[in-house]
Amino acid sequence: MKKTAFITGASGGIGSEIALRLAQDGFSLALCYNSDIASMSELEAKLGTAGTDFRSYRLDVSDTAETEKIYKEASEYFGGFYVLVNCAGIALQKLMSDTTPEEFDKINGINYKGVYNTCRVAVPEMVRNHRGKIINISSMWGICGASCEVIYSASKAAVSGFTKALARELAPSNIQVNCIAPGAIDTKMNNNLSADEKAAFAEEIPMGRFGRPEEIAGAVSFLAGEDSSYITAQVITADGGLT
């Protein structure tokens with residue numbers, strides 16, 4: 001099977017760097033985004049200049065039927081997928097008691113149910129091929145929890161648990177399932193922080209700085225490659241030593 005990858009959240013700061021790195025690694029790419037058309041267009045321009053084989057799809061990963069439709073459409077075009085990267089995610093900074101049921105459903109729908117939706121349609125194909133890699137993007141807050149981000153933290157903890165359990169289920173089929181839990185990464189998601197707040201947060205990180213999106217992409221590149229063929233059911237924390 002040729003090197004193919006299906007990436008959700010491809011227009012985001014981390015997702016776009018993952019796409020660029022996997023393109024550099026020789027992958028053909030199905031790129032899914034939801035609303036950030038400008039960032040997606042910028043990524044498409046970069047990939048087009050590099051001569052990458054890719055197609056873009058607008059997708060709400062919380063929609064089960066839509067996810068199944070888009071995945072099957074992309075799979076038919078690319079001839080199946082060897083790698084699935086679940087990077088779509090949203091955050092919410094709010095007291096748990098102030099979080100509405102609608103906000104709870106939206107966060108879990110994208111961050112957790114979205115992972116289930118893509119895996120549900122990707123796994124049968126991988127099992128038939130007896131080959132595949134699933135890489136989920138969680139968060140360090142899914143490990144230690146964050147005040148005023150309770151629902152977000154819980155949704156990311158669910159992704160980590162899902163990863164470990166699915167990895168054991170699929171190991172006999174030669175499919176590796178792993179998770180990366182980024183710490184504070186310099187992306188738009190942290191634009192709500194002032195320069196002083198970012199500086200104060202960076203002082204708490206043993207490495208003294210925020211991570212770069214390309215550093216997360218490097219970890220994905222490793223997990224998507226053959227050198228990680230005996231690594232599964234792992235949650236790799238990339239947070240500069242914070243947790």
Side-chain angles (χ1 to χ4, degrees), residues 1-12 14-23 25-34 52-57 59-64 66-89 110-138 156 158-171 173-182 216-217 219-226 228-229 231-236:
M1 178 187 293
K2 67 178 182 177
K3 295 167 71 172
T4 52
F6 187 95
I7 305 173
T8 70
S11 64
I14 293 176
S16 59
E17 287 297 332
I18 291 172
L20 291 169
R21 180 58 185 267
L22 292 186
D25 292 344
F27 278 83
S28 297
L29 306 172
L31 306 173
C32 299
Y33 71 102
N34 185 15
T52 303
D53 178 20
F54 75 93
R55 274 197 173 187
S56 302
Y57 302 89
L59 171 63
D60 175 2
V61 294
S62 69
D63 187 319
T64 302
E66 185 177 319
T67 301
E68 183 172 357
K69 175 180 177 293
I70 293 299
Y71 188 90
K72 288 184 175 180
E73 179 183 330
S75 184
E76 288 176 5
Y77 174 79
F78 286 99
F81 292 104
Y82 172 46
V83 172
L84 167 63
V85 181
N86 284 304
C87 194
I110 294 172
N111 293 1
Y112 179 36
K113 185 184 177 184
V115 173
Y116 159 76
N117 281 340
T118 56
C119 287
R120 175 178 167 272
V121 291
V123 163
E125 178 181 63
M126 290 182 175
V127 170
R128 285 194 300 271
N129 293 326
H130 200 71
R131 186 171 183 257
K133 291 175 178 287
I134 298 172
I135 305 164
N136 299 320
I137 306 300
S138 179
K156 290 300 189 177
V159 171
S160 297
F162 181 93
T163 296
K164 293 180 179 181
L166 185 62
R168 293 176 180 273
E169 189 170 301
L170 297 180
S173 296
N174 189 37
I175 299 165
Q176 293 85 56
V177 188
N178 291 291
C179 181
I180 299 172
I216 305 303
V220 171
S221 174
F222 169 69
L223 291 175
E226 293 304 318
S228 63
S229 58
I231 297 174
T232 197
Q234 300 305 303
V235 177
I236 300 173

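Side-chain atoms of N136 never come within 3.5 Å of backbone atoms of C179 as a donor-acceptor pair (strictly under, hydrogens ignored). Of the possible polar contacts, none joining the N111 side chain to the K156 backbone as a donor-acceptor pair under 3.5 Å is found. Of the possible donor and acceptor atoms, none in the side chain of S221 sits under 3.5 Å from a partner among the backbone N and O of A217.
Between P182 and I137 there is a side-chain heavy-atom pair separated by less than 4.5 Å. Within the 4.5 Å cutoff, no side-chain heavy atoms of I135 are placed close to those of V177. Two residues are said to be in side-chain contact when any heavy atoms from C-beta on lie closer than 4.5 Å; I7 and I18 meet this criterion. Within the 4.5 Å cutoff, no side-chain heavy atoms of V61 are placed close to those of N117. Side-chain contact between L223 and K133 is absent, with no heavy atoms from C-beta onward closer than 4.5 Å. The shortest distance between side-chain heavy atoms of D53 and F78 falls below 4.5 Å. The closest side-chain heavy-atom distance from L59 to T67 is below 4.5 Å. Looking at I231 and F222, their side chains come closer than 4.5 Å, going by heavy atoms from C-beta outward.
Here the shortest heavy-atom pairing between S173 and V127 reads OG-CG1, 3.9 Å. Of all heavy-atom pairs spanning Q234 and T232, the tightest one is NE2-O, 3.0 Å. The two residues I14 and C87 come nearest to each other via the heavy atoms CG2-SG, 3.9 Å. Nearest heavy-atom pair across T52 and F27 is CG2-O, 3.9 Å. Heavy-atom minimum distance, Y82 versus K2: CB-O, 4.3 Å. Summarising the geometry of D60 relative to E66, their closest heavy-atom pair is N-OE2, 2.9 Å, with the distance given to 0.1 Å.
At a cut-off of 3.5 Å, with distance as the only test, a side-chain donor of S75 or E125 sits close to an acceptor on the other residue.
By the side chain to side chain contact (heavy atoms under 4.5 Å, CB included) test, A158 is found to be paired with Y112, residues two or more places apart in sequence or in another chain being considered. Not counting sequence neighbours, R168 has no partner by the salt bridge (charged side-chain N to carboxylate O under 4.0 Å, His left out) test.
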Please evaluate residues F54 and S28 with respect to the criterion side-chain contact (heavy atoms from CB on, under 4.5 Å), reporting the C-alpha separation (whole Å), side-chain torsions for both, the decisive distance (0.1 Å), and the verdict. CA-CA 6 Å; F54 75 93; S28 297; over 6 Å; no
Going through the checks in order, is the side-chain contact (heavy atoms from CB on, under 4.5 Å) test met by V235 and I180? CA-CA 6 Å; V235 177; I180 299 172; over 6 Å; no
R120/T118 under side-chain contact (heavy atoms from CB on, under 4.5 Å): CA gap, chis, key distance, verdict: CA-CA 5 Å; R120 175 178 167 272; T118 56; over 6 Å; no
Let's go through E17 and R21 carefully: what are the C-alpha distance in whole Å and the side-chain angles of both, what is the deciding distance for salt bridge (Lys or Arg N to Asp or Glu O under 4.0 Å) to 0.1 Å, and is it a yes or a no? CA-CA 6 Å; E17 287 297 332; R21 180 58 185 267; over 6 Å; no
Show, in sequence, the C-alpha distance, side-chain angles and deciding distance for I134 and N178, and conclude whether the side-chain contact (heavy atoms from CB on, under 4.5 Å) test is met. CA-CA 6 Å; I134 298 172; N178 291 291; over 6 Å; no
Please test R131 against E226 for salt bridge (Lys or Arg N to Asp or Glu O under 4.0 Å), starting from the C-alpha separation and ending with a verdict. CA-CA 11 Å; R131 186 171 183 257; E226 293 304 318; 3.6 Å; yes
Could you check E76 against K72 for salt bridge (Lys or Arg N to Asp or Glu O under 4.0 Å), going step by step and ending with a plain yes or no? CA-CA 6 Å; E76 288 176 5; K72 288 184 175 180; over 6 Å; no
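Distance CZ/F81 to CG/L29: 9.0 Å, rounded to 0.5 Å. Put simply, CG on D63 and CD1 on I110 are 11.0 Å apart, with the number rounded to the nearest 0.5 Å. Going from atom CG of L84 over to atom OG1 of T8 covers 7.0 Å, rounded to the nearest 0.5 Å. Atom OH of Y71 and atom CZ of F6 lie 7.0 Å apart (nearest 0.5 Å).
Just one residue in the list V115, T163, V159 forms a side-chain contact (heavy atoms from CB on, under 4.5 Å) with N86, and that residue is V115.
The 12-atom threshold is exceeded at OH of Y57, counting heavy atoms of other residues, nucleotides or ligands nearer than 6.0 Å.
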